[in-house]
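All remarks here apply to the structure that follows.
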Amino acid sequence: MSEVTARRRKPTQARALERVERILAAASDLIAETGSDAVRMTEVAERAGVPIGSLYQYFPDKAAILQTLAERITERVRAGIAESLANVATRDEALLRLDRLLVDYYAIFLDEPVVRDIWSGTQSDKALQALDIEDSRANARVVAEALKHLVPRKERARFSTVCFLTMQLTGAAVRLAIAVERKEGDRLLAEYRRLLQGEVGGFLSA
């Protein structure tokens, strides 16, 4: 658990849970409109229709809001990975599903301004950097576990390491792709897709 997460008051009652959801929805809307740098806590409270004191009870600062939103994104992506790779039977099927996951991940960044804005902050926010690395570790464990039956036993430890590396590189590649003009970004992602297929495919048996 991160330091920011640990400082947050955890809502338990239905009314408090609903208030937190309003706060997060308001913050997401404001980030989409103006970017996270411009968002102020008073604006979030006003948009959510909650007293500023209540906002600070659940989120001591804007960083706590951003981290909570980031955690929700990572949970959503991880659940998608687990679902997509469940019951993979062959090498070709594994590579096809991994490729589809990568394309879908790119689409999230293209379609959702909040995701782009939050993850651009990983370069300067230590808490988000730590979350990004732990997210890569967790995603790598999901991939390695789902595909280990296709990997020779003697190569499984190395495969786990490669999964961790490629999960981290995937995030970097996608963020680079959205930072440049769209056509160039599409070309970058196409090349990364080929790299990923070759690297992971080299471990998998038919």
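Not measured: the values here are computed from a predicted model. Atoms considered below: every heavy atom in the structure, side chains included; atoms not considered: hydrogens, waters and symmetry mates.
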*Okay, side chain of Glu93, backbone of Ala89: is any donor-acceptor separation there less than 3.5 Å?*
yes

*Is Arg194 salt-bridged to Glu191, cutoff N-O under 4.0 Å?*
yes

*asked:* Tell me whether Glu155 is salt-bridged to Arg158, with the criterion being a basic N under 4.0 Å from an acidic carboxylate O.
replied: yes

*Expected output: side-chain Arg91 to main-chain Ser205 donor-acceptor under 3.5 Å*: no

*Same hydrophobic cluster for Val103 and Val174, using side-chain heavy-atom links shorter than 4.5 Å among ILVMFWY?*
no

*Near Glu83 CD, under 6.0 Å, is it more than 12 heavy atoms from other residues, nucleotides or ligands?*
no

_Does Lys148 have more than 12 heavy atoms from other residues, nucleotides or ligands lying within 6.0 Å of its NZ?_
no

_Donor-acceptor pair, side chain of His149 and main chain of Val88, under 3.5 angstrom_ = yes

*Any sub-3.5 Å donor-acceptor pair from Arg193's side-chain atoms to Asp99's backbone N or O?*
no

*asked:* Please check if the number of heavy atoms outside Glu21 that lie under 6.0 Å from its CD is greater than 12.
replied: yes

_Polar side-chain atom of Glu181 near backbone of Lys183 as donor-acceptor pair, under 3.5 Å_ = yes

*Carboxylate-amine/guanidinium proximity below 4.0 Å for Arg78 and Glu134*: no

*Determine which pairs satisfy ring pair (Phe, Tyr, Trp, His ring centres under 6.0 Å) with at least one residue from residues 68-108, sequence neighbours left out, and list them in order.*
Tyr105-Phe109

*Glu199 side-chain N/O to Val162 backbone N/O, donor-acceptor pair under 3.5 Å*: no

*When you measure from the side chain of Thr74 to the backbone N and O of Glu71, does any donor-acceptor pair fall under 3.5 Å?*
yes

*Is the shortest distance from a Lys or Arg side-chain nitrogen in Arg116 or Glu112 to a carboxylate oxygen in the other one below 4.0 Å?*
no

*Does Glu33 come within less than 4.0 Å of Arg47, counting only side-chain N to carboxylate O?*
yes

*Where the side chain of Ser160 meets the backbone of Ala144, is there a donor-acceptor pair that is under 3.5 Å apart?*
no

